[in-house]
Amino acid sequence: MQYTNIISTTVNGVNTILINRPKKLNALNSDTINELQVAMSRANEDKDIKIVILSGSGEKAFVAGADISEFADFDVEEGKYLAADGQHKLFDFIETLSIPVIAAVNGFALGGGLELAMACHFRIASDNAKMGLPEVSLGVIPGYGGTQRLPQLVGKGRAMEMIMTANMITANEAREYGLVNYVTTQEDLLSFTTKIALRIITNSSVAITAAIKAINANFMDGINGFNIEINEFGNCFGTNDFKEGTQAFLQKRKAKFPGN
Ligand code: COA
C-alpha cells in the first residue's frame with residue numbers, strides 16, 4: 001500500500017509514523033485509520049523494526065479528533081459500526097501490538113486523537129500540547145475506547161470531569177494526571193522520544209512482548225492478570241534471550257539478545 005495520509009520512516013530499528021494531514025489538523029478519516037492499521041501491522045511483522053513512535057506532522061496537532069465531516073449524518077447502526085470497527089481495527093490493535101508503541105503528542109490530541117495516544121503503550125508530550133475528549137460538546141461520547149482508557153490512566157473522577165466538561169488540559173496538567181510521562185519542548189520531542197525508544201530496544205524484545213501481554217491483562221475483563229504473568233514469566237525461561245540475559249549478567253558482560 002502507498003500511503004497518502006501518513007509518513008513512515010525507519011532508522012536504527014525505530015519506526016516513526018507521522019499522521020500527515022496538517023491542514024485538517026491530522027483529523028482521523030477512514031483512509032488514515034486504514035493506513036495506520038497497515039503501517040502498525042507492517043511494523044509488527046518487520047524483523048528490522050523494534051519499536052514505533054507515533055506523532056503528527058506540522059506544529060499544531062497530533063490529531064484533532066475523528067474526522068467530523070465523515071460521520072455527521074450517520075444513523076445509530078452506522079455509529080455503532082464506526083466505533084466497533086475503529087476499536088477493533090486500530091485502537092485495540094495498537095494496544096496489543098507485540099512491539100512497543102510510544103505516542104509523541106506534538107500538539108492538539110482531541111477526541112479520537114487522545115484516544116489514539118491512549119491506545120499507545122505510553123505518551124510523551126511537547127509543552128504546546130493540549131489534550132481532551134470534547135465529544136459531549138458535539139452530542140456524542142468517545143467511541144474509540146476513551147471512556148475506558150482515560151479512567152485507567154487518570155482515575156475515574158478526573159476522567160468523568162474531563163469528559164463531562166469537554167475541557168482541554170495542558171501538557172503539564174496531563175503529566176500531573178499521569179496521562180503523559182514527560183513534557184519536552186516541541187523542538188526536542190522526537191529526539192527525546194527516540195532516545196527513550198533506543199534505550200528500550202537494548203533490552204530483550206521477547207521479554208518486552210511478554211511484558212506488554214501481562215500488563216494489558218490487568219485491564220481485560222474476565223482475565224486474571226496474575227495468571228497471565230505467571231504463564232508469561234515461565235515462558236521466558238524457555239527462550240534464548242533468557243539464557244543469554246542471565247549468562248551475560250553472571251559473566252559480567254553486556255547481553256546480546258538473539259531475539260533482537
Ligand atoms: N474533523 C474534521 N476536520 C477538522 C477536525 C476534526 N476533528 N479538527 C479540525 N478540523 C479542520 C477544520 O475543519 C479546519 O478545516 P478548514 O480549514 O477546511 O475549515 C482545519 O482543520 C483547521 O481547523 P480550525 O478549526 O480552523 O483550527 P483552529 O486553530 O481554529 O482550532 C481546534 C483548532 C482543534 C480547537 C478546532 O479545530 C477543533 O475544535 N476541532 C475539533 C475538535 C473535536 O471536537 N474533536 C473531537 C472529534 S470527535
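Just so you know, residue 1 is the first one in the sequence shown, and it goes up from there. For ligands, and for the atoms within them, numbers begin at 1 and follow the listed sequence.
- Looking at K23, K24, E115, R21 and measuring to atom 10 (N) of ligand 1, the nearest heavy atom belongs to K24.
- Ion pair R42/E35 not flagged as a salt bridge, since none of the NZ, NE, NH1 or NH2 atoms sits closer than 4.0 Å to an Asp/Glu carboxylate oxygen.
- Residue K60 has at least one heavy-atom neighbour below 4.0 Å for each of these atoms of ligand 1: 27 (O), 28 (P), 29 (O).
- The shortest contact between atom 1 (N) of ligand 1 and any protein heavy atom is with I68 N, 3.0 Å.
- Hydrophobic clustering of Ile, Leu, Val, Met, Phe, Trp and Tyr side chains at less than 4.5 Å, counting indirect connections, keeps V101 apart from L190.
- Using a cutoff of 4.0 Å between basic side-chain nitrogens and carboxylate oxygens, D75 and K80 are not scored as salt-bridged.
- The minimum heavy-atom distance linking I201 with N12 is given by the pair CD1-O, 3.6 Å.
- Of all the heavy atoms of L138, the ones lying under 4.0 Å from any atom of ligand 1 belong exclusively to the side chain.
- Contact check for L179 versus L150: side-chain heavy atoms found under the 4.5 Å cut-off.
- Listed by chain and residue number, F237 satisfy the ring-ring contact (aromatic ring centres under 6.0 Å, His included) test with F233 (two or more places apart in sequence, or in another chain).
- For atom 36 (C) of ligand 1, the nearest protein heavy atom lies 4.0 Å away or farther.
- Note on I102: it does not cluster hydrophobically with I17, by side-chain heavy-atom contacts below 4.5 Å among ILVMFWY residues.
- Contact check for F91 versus R149: side-chain heavy atoms found under the 4.5 Å cut-off.
- Residues M118 and V154 share a single hydrophobic cluster, defined by chaining ILVMFWY side chains whose heavy atoms lie under 4.5 Å apart.
- Among the atoms of M168, none of the N or O lies under 3.5 angstrom from an N or O of ligand 1.
- Those atoms of ligand 1 that come under 4.0 Å of a heavy atom in D67, given as number and element, are 1 (N), 2 (C).
- Atom 18 (O) of ligand 1 lies below 4.0 Å from at least one non-hydrogen atom of the protein.
- Listed by number with element, the atoms of ligand 1 under 4.0 angstrom from any heavy atom of P134 are 43 (C), 44 (O), 45 (N), 46 (C).
- Inside a 4.0 Å radius of atom 23 (O) of ligand 1 there is at least one protein heavy atom.
- With ligand atoms numbered from 1 in the order given, ligand 1 contributes 34 (C), 42 (C) to contacts under 4.0 Å with heavy atoms of L110.
- No side-chain donor-acceptor contact under 3.5 Å links S204 to the backbone of F257.
- Distance remark: protein heavy atom not present below 4.0 angstrom from atom 39 (O) of ligand 1.
- For atom 13 (O) of ligand 1, no protein non-hydrogen atom is found at a distance below 4.0 Å.
- For atom 6 (C) of ligand 1, a protein non-hydrogen atom is found at a distance below 4.0 Å.
- For atom 33 (C) of ligand 1, a protein non-hydrogen atom is found at a distance below 4.0 Å.
- Per-residue contacts place A27 under 4.0 angstrom from the following atoms of ligand 1 (heavy atoms of the residue considered): 1 (N), 2 (C), 5 (C), 6 (C).
- Nearest protein neighbour of atom 31 (O) of ligand 1, counting heavy atoms only, is L25 CD1, 4.5 Å.
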Do N34 and K89 pass the side chain to side chain donor-acceptor pair (under 3.5 Å) test, and can you show the C-alpha distance, the side-chain angles, and the key distance before you say yes or no? CA-CA 8 Å; N34 288 335; K89 195 186 275 172; 2.9 Å; yes
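- Both the backbone and the side chain of A64 come within 4.0 Å of ligand 1, judged by heavy-atom distances.
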